[in-house]
Amino acid sequence: MTTPDIRVQRDVFDQGAELTRFSSRNKLSGAICAFTGQMRDFQGPTRETGAVISAMELDHYPGMAEKQLAALAHDAKLRWPLDGICIIHRFGLLKPTEAIVFVATASAHRGDAFAGCEFLMDWLKTQAPFWKKETGPDGAQWVEAQASDDSRATRWKI
Amino acid sequence: MTTPDIRVQRDVFDQGAELTRFSSRNKLSGAICAFTGQMRDFQGPTRETGAVISAMELDHYPGMAEKQLAALAHDAKLRWPLDGICIIHRFGLLKPTEAIVFVATASAHRGDAFAGCEFLMDWLKTQAPFWKKETGPDGAQWVEAQASDDSRATRWKI
Amino acid sequence: ILYFAWLRERVGTGEETVSPPADVTTVGQLIDWLSQRSAKHAAAFVERKLIRAAVDQVHQAHDANIRGATEIAFFPPVTGG
Amino acid sequence: ILYFAWLRERVGTGEETVSPPADVTTVGQLIDWLSQRSAKHAAAFVERKLIRAAVDQVHQAHDANIRGATEIAFFPPVTGG
């Protein structure tokens with residue numbers, strides 16, 4: 001297992017360049033799974049009923065954010081035989097279509113890569129100290145947490 | 001839904017460049033999931049007991065390979081609300097650490113992106129007409145299908 | 001004390017240093033005590049079930065002990081990712 | 001008839017054109033008929049449970065009908081991905 005590559009940053013990143021970098025660090029792993037959360041185009045639970053989002057601000061808890069992501073990576077590698085983990089999470093002002101979060105896992109087998117990556121995303125969603133404020137046609141408002149995110153996370157409990 | 005981008009090719013591809021291309025075609029999707037199968041470093045079921053692989057040749061059924069991948073993409077988009085699908089599969093001679101297969105999905109929600117991507121990989125593994133011949137210290141031999149791949153695929157059955 | 005997201009906006013500051021009395025020993029008691037400091041604090045903490053806390057940068061429930069803690073943060077349920 | 005992977009190697013060719021008699025109507029009967037063409041064919045088809053077939057580029061079981069088909073392929077279980 002290489003040391004998890006964990007970054008909490010204001011700067012835009014290129015998910016493709018990050019995948020190239022991650023795979024070059026994990027050349028011998030048969031399976032690479034990568035997930036990117038992009039700034040979505042709608043506010044509220046569904047695209048059909050939602051209003052258009054024009055901007056987003058991501059508040060975060062400096063220090064704890066990095067610690068929490070490192071703790072989640074540690075948990076993931078205890079549960080699955082992962083060769084490598086990368087987690088990048090942005091904060092500050094985001095423009096539409098920009099990437100918010102990138103999580104990648106490398107493993108000898110694809111089931112472990114998929115499970116590790118989805119576990120990290122599900123727990124990050126409910127544990128990592130970031131808060132979204134979306135600007136739509138009616139002004140800016142803090143995004144409310146979704147109960148579905150809690151249930152997605154807890155299904156990983158033993 | 002954009003038209004699935006399905007390619008069966010001899011040439012090497014860059015998974016990072018493909019992810020950049022795919023995400024730029026699916027800018028409004030909140031979730032992008034990408035999987036890459038790389039040429040693994042060992043022969044047999046486990047890295048611990050396996051021999052080192054020095055080369056790989058991928059036989060395939062031209063025509064049916066493309067059709068089968070298109071059919072799997074069609075099935076996936078019937079089951080999950082996917083905005084886009086990309087599947088790239090190589091054939092011919094592969095060098096160690098090269099990518100064999102790349103599957104990416106875009107959706108408004110991460111659960112659908114993950115499920116669609118893993119479904120495509122699991123079914124591709126058991127349905128797409130490709131055959132690996134690995135060269136190890138004892139010469140070249142055809143890879144045997146794994147029962148675990150069949151069970152991973154059939155768990156998606158309704 | 002650190003505040004994030006709408007808690008920061010309602011309290012009117014992201015950070016303040018406080019010295020609660022010795023009988024304030026849990027996260028929940030600290031919320032009670034802070035709520036009496038100002039109308040803004042009271043308004044910030046009114047939806048008590050939505051308040052999450054971290055003690056020295058680790059998530060904690062409202063009944064967690066805060067004695068000896070140097071950094072306590074309050075925030076709504078997280079919405080990153 | 002198309003052959004892939006170790007079936008191609010055992011038969012000794014990747015492609016051949018055949019005209020089976022009219023009573024060969026299923027994939028399984030075609031395997032029986034082909035197996036009698038040569039020792040190589042017989043050796044290729046001996047592990048019958050491992051033989052997969054596609055009729056006009058669609059996966060089919062051994063009891064599938066082949067009447068009217070123009071392209072039939074035999075191969076081992078797939079191992080791509």
Side-chain angles (χ1 to χ4, degrees), chain A residues 8 35-40 43-45 56-72 87-92 94 99-103 117-134 140-150 152-153, chain C residues 1-18 20 26-28 30-31 34-35 38-81:
Chain A
V8 175
F35 178 87
T36 311
Q38 304 187 130
M39 204 181 121
R40 59 185 189 167
Q43 201 167 35
M56 179 186 283
E57 191 176 351
L58 258 171
D59 195 6
H60 83 301
Y61 185 167
M64 182 174 169
E66 292 84 348
K67 273 189 200 173
Q68 187 71 57
L69 295 179
L72 293 177
I87 308 176
I88 305 170
H89 205 301
R90 291 186 59 200
F91 64 86
L94 276 81
I100 302 168
V101 63
F102 176 81
V103 171
C117 191
E118 194 164 11
F119 166 89
L120 285 168
M121 273 307 303
D122 285 348
W123 278 103
L124 182 157
K125 278 263 180 187
T126 59
Q127 298 290 313
F130 294 88
W131 299 271
K132 286 179 186 149
K133 190 175 194 177
E134 293 176 341
Q141 57 185 64
W142 293 99
V143 173
E144 284 186 34
Q146 309 248 337
S148 60
D149 283 330
D150 285 332
R152 285 188 66 84
Chain C
I1 311 280
L2 302 174
Y3 302 102
F4 294 100
W6 53 255
L7 260 145
R8 176 170 44 73
E9 293 180 348
R10 292 190 194 170
V11 173
T13 182
E15 188 170 354
E16 62 182 336
T17 304
V18 297
T26 70
V27 169
L30 182 61
I31 291 174
L34 287 167
S35 297
S38 78
K40 283 184 174 180
H41 284 82
F45 285 114
V46 71
E47 291 178 277
R48 194 168 179 122
K49 286 200 319 195
L50 288 181
I51 309 293
R52 301 288 181 272
V55 178
D56 289 333
Q57 304 196 354
V58 174
H59 289 290
Q60 296 292 356
H62 285 200
D63 60 359
N65 199 307
I66 57 168
R67 275 174 295 194
T70 57
E71 182 176 306
I72 295 174
F74 291 106
F75 42 79
V78 302
T79 57

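In the text below, chain A, chain B and the rest are named by the order of the sequence lines, each starting its count at 1. Every value quoted in this text rests on a predicted model; they were computed, and no experiment measured them.
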Close side-chain approach of [X] and [Y], heavy atoms under 4.5 Å:
| X | Y | value |
| --- | --- | --- |
| C/H41 | C/V11 | yes |
| C/I31 | C/I51 | yes |
| C/P76 | C/L7 | yes |

Using non-hydrogen atoms and a 4.5 Å limit, figure out which bit of C/L50 sits close to chain A: side chain, backbone, both or neither.
-> neither

Do C/I66 and C/L30 pass the side-chain contact (heavy atoms from CB on, under 4.5 Å) test, and can you show the C-alpha distance, the side-chain angles, and the key distance before you say yes or no?
-> CA-CA 9 Å; C/I66 57 168; C/L30 182 61; 4.0 Å; yes

Quick one: do C/V27 and C/I72 satisfy side-chain contact (heavy atoms from CB on, under 4.5 Å)? Show the steps, please.
-> CA-CA 9 Å; C/V27 169; C/I72 295 174; 5.6 Å; no

Test ring pair (Phe, Tyr, Trp, His ring centres under 6.0 Å) applied to C/F74 and C/F45, step by step = CA-CA 9 Å; C/F74 291 106; C/F45 285 114; 5.1 Å; yes

Rounded distance (nearest 0.5 Å) linking atom OG1 of C/T17 with atom CG of C/L2 = 9.0 Å

Greatest number of heavy atom pairs closer than 4.5 Å to chain C - which of A/L58, A/V103, A/L124, A/V143 = A/V143

Between chain C and chain A, identify all donor-acceptor pairs below 3.5 angstrom, including backbone and side-chain atoms.
residue : atom : partner : partner atom : Å
C/A5    : N    : A/D59   : OD2          : 2.7
C/R8    : NH2  : A/D59   : OD2          : 2.8
C/E9    : OE1  : A/W142  : NE1          : 3.0
C/E9    : OE2  : A/K133  : NZ           : 2.4
C/E9    : OE2  : A/W142  : NE1          : 3.4
C/Q57   : OE1  : A/M64   : N            : 3.2
C/Q57   : OE1  : A/K67   : NZ           : 3.1
C/H59   : NE2  : A/Q68   : OE1          : 3.4
C/H59   : NE2  : A/Q127  : O            : 2.6
C/E71   : OE2  : A/Y61   : OH           : 2.4
C/P76   : O    : A/W131  : NE1          : 2.8
C/T79   : N    : A/F130  : O            : 2.9
C/T79   : OG1  : A/K132  : N            : 2.9
C/G80   : N    : A/F130  : O            : 3.2
C/G81   : N    : A/H89   : NE2          : 2.9
C/G81   : O    : A/K132  : NZ           : 2.7

